[in-house]
Amino acid sequence: LITYQTDAAIEAARQQAIYGDDFDRIDITTRRQQFKYHVGQTVTVEYDRFDFPKDMVVLGIRENTSLGQTTFRLWG
């Protein structure tokens, strides 16, 4: 947890120097992938457009068990 704005700015600059600014944050909804992944895990997203396949980090997971769907919030 970063409590001071100056510390947050320093950390943001540090991470930008490591990772650069070329990243995406996307949400993907899938079927039959429930309870297989966890936040912080790296997954490979395959898609026929743009710069994919691409390794991305799971930022969030929303499970809908009644529909059998999982929505992933990904960054990478």
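We count residues from 1, following the sequence as given. Because the structure is predicted, anything quoted here is derived from the model rather than measured.
With sequence neighbours left out, Thr65 forms a side chain to side chain contact (heavy atoms under 4.5 Å, CB included) with Gln34, Phe35. Under the salt bridge (Lys or Arg N to Asp or Glu O under 4.0 Å) criterion, Arg14 pairs with Glu11, sequence neighbours left out. Thr30 meets the side chain to side chain contact (heavy atoms under 4.5 Å, CB included) test with Ile28, Gln33, Thr70, Phe72; sequence neighbours excluded. Residues satisfying the salt bridge (Lys or Arg N to Asp or Glu O under 4.0 Å) criterion with Lys54, sequence neighbours excluded, are Asp24.
Here the closest non-hydrogen pair linking Thr44 and Pro53 is CG2-CB, 4.2 Å. Residue Ile26 comes nearest to Met56 through the heavy atom pair CD1-SD, 3.7 Å, listed as atom of the first residue, atom of the second, then distance. Taking both residues in full, the closest heavy atoms of Val58 and Val43 are given as CG2-CG1, 4.0 Å, listed atom of the first, atom of the second, then distance.
Counting heavy-atom neighbours within 6.0 Å of Arg25 CZ, excluding the residue itself, gives a total above 12.
Under the salt bridge (Lys or Arg N to Asp or Glu O under 4.0 Å) criterion, the residue pairs touching residues 56-76 are Asp27-Arg73, with sequence neighbours excluded.
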Identify every side-chain donor-acceptor pair in residues 1-8 under 3.5 Å, counting partners at least two apart or on other chains, and give the distances.
none

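Rounding to the nearest 0.5 angstrom, the gap separating the CG atom in Leu74 from the CG atom in Asp55 is 11.0 Å.
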